[in-house]
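To start, the structure itself, in structure tokens.
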Amino acid sequence: MVLCSTALTIYFASHSIRTVVVTTLACSLLLQLAYFASVLFLIWRSGCDSRVGQRAEHFGSCKEVGSEPPDLDEVTNESADLFQRDQMLAISLLLP
């Protein structure tokens, strides 16, 4: 819908098919970039939400059992695993 309205507006303003084609391609590229950025943002945000929830559950269980929180190395490894999983999810969403 956006591409059609842009093409018609540019055609009536310039009366040039070449300008319409170039502008429509540029608009299409801009829409694709915006979609890609929004998907990455949603993946990042869901990863942050799940990590906060996991930490809250973990620290709640530590208090109940009386154990200590995990070492920095364990948290770093878990964060790296989550980051790699989020990257794989982002790639799989972009593939047809």
Q: Could you list the residues that satisfy side chain to side chain contact (heavy atoms under 4.5 Å, CB included) with F41, not counting sequence neighbours?
A: W44, R45

Give the table of side-chain donor-acceptor pairs shorter than 3.5 Å for residues 18-32, with sequence neighbours excluded, one pair per line with atom names and distance.
| from | atom 1 | to | atom 2 | distance (Å) |
| --- | --- | --- | --- | --- |
| T19 | OG1 | S16 | OG | 3.1 |
| T23 | OG1 | T19 | O | 2.7 |
| T24 | OG1 | V20 | O | 2.6 |

Q) In terms of hydrophobic clustering (I, L, V, M, F, W, Y; side-chain heavy atoms under 4.5 Å; direct or indirect links), are L3 and Y11 co-clustered? A) no

